[in-house]
Amino acid sequence: PRCSRATFCHEPWTPPSASAKQRRHSPTCERPMRLTQSTMAHLLDPCEDPQAVCAFAEKLLFECLPAENLDNLRATALHNKRSRDAFVKTLREAEAGEMAKIRLAWHLAGSAAAARSIQNEGIRCDEEHCACGRYGRGGYVAISAAKANAYCDSSGQGGERHLFLVLALPEDDVVKGEKGSRPPRTASDLPSHPTEYCFVDGSRLHCVCRMDYTWVPTGRRNKITCAGDHVRAWRHRTPSGPLNVPSRRQNSGSGG
């Protein structure tokens with residue numbers, strides 16, 4: 001077959017140039033990205049060009065995370081047909097096929113075992129797999145790789161991490177999330193300008209690329225605490241042609 005469930009990129013990774021490192025603090029990594037039809041086609045059908053999907057994900061990653069803190073990066077273009085079909089069905093039936101509503105988001109797995117489960121089954125949003133969370137019980141994604149990377153159990157000491165690039169489809173009327181509750185629909189930290197979402201419908205999330213890497217602390221920055229120990233609780237309950245990177249635009253009311 002041309003593509004298995006997980007298609008690996010075999011080309012060696014080349015660290016970004018100095019100019020690329022200088023761009024990493026750009027605020028664009030916190031902004032929602034509108035995807036072109038061509039980009040969406042690649043992400044939903046990575047078997048056509050898995051190398052391009054991996055290159056696209058790596059570019060986004062280095063816009064938010066400093067290259068000197070990443071070591072041994074491996075990118076995997078994912079093709080989970082069941083997850084893809086459920087996502088496309090929800091897009092067509094619930095959102096009238098409006099691809100402009102799709103957002104790029106990130107999810108950090110709590111362990112290698114959790115990453116394998118996500119790669120095979122997707123992000124679980126059902127209540128029995130979500131013990132708690134700052135914005136409710138559900139499946140969490142952040143709109144920037146930096147924020148997702150901060151949700152780790154290593155207390156800033158470094159180590160192996162498993163980050164997923166996710167297609168997210170939040171509703172138009174996202175609600176304000178509340179700790180300890182089960183939201184009636186997708187919730188966020190700030191509905192007008194979300195930086196992270198809590199999803200209750202797994203068909204609104206589809207993982208397209210897995211990024212495995214070793215986080216190497218530099219000691220120059222204090223660890224940013226975005227959540228706290230509750231993160232452990234809900235986790236442990238448990239190129240033929242080039243892929244063009246689309247332009248970014250601010251889009252109030254949704255994100256990811």
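No hydrogens, no waters, no symmetry mates; every other heavy atom, side chains included, goes into these values.
Between R134 and D189 there is no salt bridge, since none of the side-chain N atoms of the basic residue sits less than 4.0 Å from a carboxylate O of the acidic one. Taking the charged nitrogens against the carboxylate oxygens, E171 and R185 have no contact shorter than 4.0 Å, which rules out a salt bridge.
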Evaluation steps, side-chain contact (heavy atoms from CB on, under 4.5 Å), between T186 and D201: CA-CA 8 Å; T186 304; D201 182 356; over 6 Å; no
Derivation of the side-chain contact (heavy atoms from CB on, under 4.5 Å) call for T195 and K147: CA-CA 8 Å; T195 64; K147 186 159 191 175; 2.7 Å; yes
Derivation and outcome, side-chain contact (heavy atoms from CB on, under 4.5 Å), residues W215 and L65: CA-CA 10 Å; W215 181 254; L65 293 177; 4.3 Å; yes
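Side-chain atoms of T214 and N72 form no donor-acceptor pair, as typed in the model, at a separation below 3.5 Å. With 3.5 Å as the limit, one finds no donor-acceptor pair spanning the side chains of N69 and Y213. In this model, no donor atom of one side chain and acceptor atom of the other lie less than 3.5 Å apart for K176 and S188.
A distance of 10.0 Å separates CZ in R103 from CD1 in I143, rounded to the nearest 0.5 Å. Note that CZ of R124 and CG of L205 are 12.5 Å apart. Values are rounded to the nearest 0.5 Å. Residue L78 holds its CG atom at 9.0 Å from CG of L165, rounded to the nearest 0.5 Å. Note that the SG atom of C64 and the CG atom of L163 stand 10.0 Å from one another [nearest 0.5 Å]. Atoms CG and CD, on N80 and E121 in that order, are 9.0 Å from each other to the nearest 0.5 Å. Remark: F56 CZ to C209 SG distance equals 10.0 Å, nearest 0.5 Å.
Scanning all heavy atoms of the two residues, the minimum distance from A57 to M211 falls at CB-SD, 3.8 Å. Contact detail for H162 and A115: the closest heavy-atom pair is CB-CB, 3.7 Å. Listed here is the closest heavy atom pair of I123 and G139: CG2-CA, 4.2 Å. Taking all atoms of both residues into account, the shortest heavy-atom contact from R84 to H79 is CD-CE1, 4.1 Å. Shown here for P183 and V200, the closest heavy-atom pair between the two residues is O-CG1, 3.5 Å.
Residues that satisfy the ring pair (Phe, Tyr, Trp, His ring centres under 6.0 Å) test with F87, not counting sequence neighbours, are absent from this structure. Partners of D85 by side chain to side chain contact (heavy atoms under 4.5 Å, CB included), not counting sequence neighbours, listed by chain and number: K81. Partners of T90 according to the side chain to side chain contact (heavy atoms under 4.5 Å, CB included) rule, which considers only residues two or more places apart in sequence or in another chain, are A94, L169, S203, R204.
No side-chain heavy atom of W106 sits under 4.5 Å from any side-chain heavy atom of N149. V216 is not listed as a side-chain neighbour of E68, based on a closest heavy-atom distance of 4.5 Å or more. Between E58 and L73, some side-chain heavy-atom pair lies under the 4.5 Å cut-off. Looking at L91 and I102, their side chains come closer than 4.5 Å, going by heavy atoms from C-beta outward. Within the 4.5 Å cutoff, side-chain heavy atoms of F62 are placed close to those of L70. Counting heavy atoms from C-beta outward, Y135 and K179 have side chains that stay 4.5 Å or more apart. Using a 4.5 Å heavy-atom threshold, the side chains of C207 and Q119 count as separate.
The environment of E160 atom CD is dense: over 12 non-hydrogen atoms of other residues, nucleotides or ligands sit within 6.0 angstrom.
Using a 30° and 60° split on the angle between ring planes, F199 and Y197 fall in the tilted class, from 30° to 60°.
Remark: side-chain polar atoms of R92 are not paired, donor with acceptor, to backbone N or O of G97 under 3.5 angstrom. Side-chain atoms of H107 come within 3.5 Å of backbone N or O of Y140 as a donor-acceptor pair.
Linking ILVMFWY side-chain heavy atoms closer than 4.5 Å, directly or via other members, places M99 and L60 in a single hydrophobic cluster.
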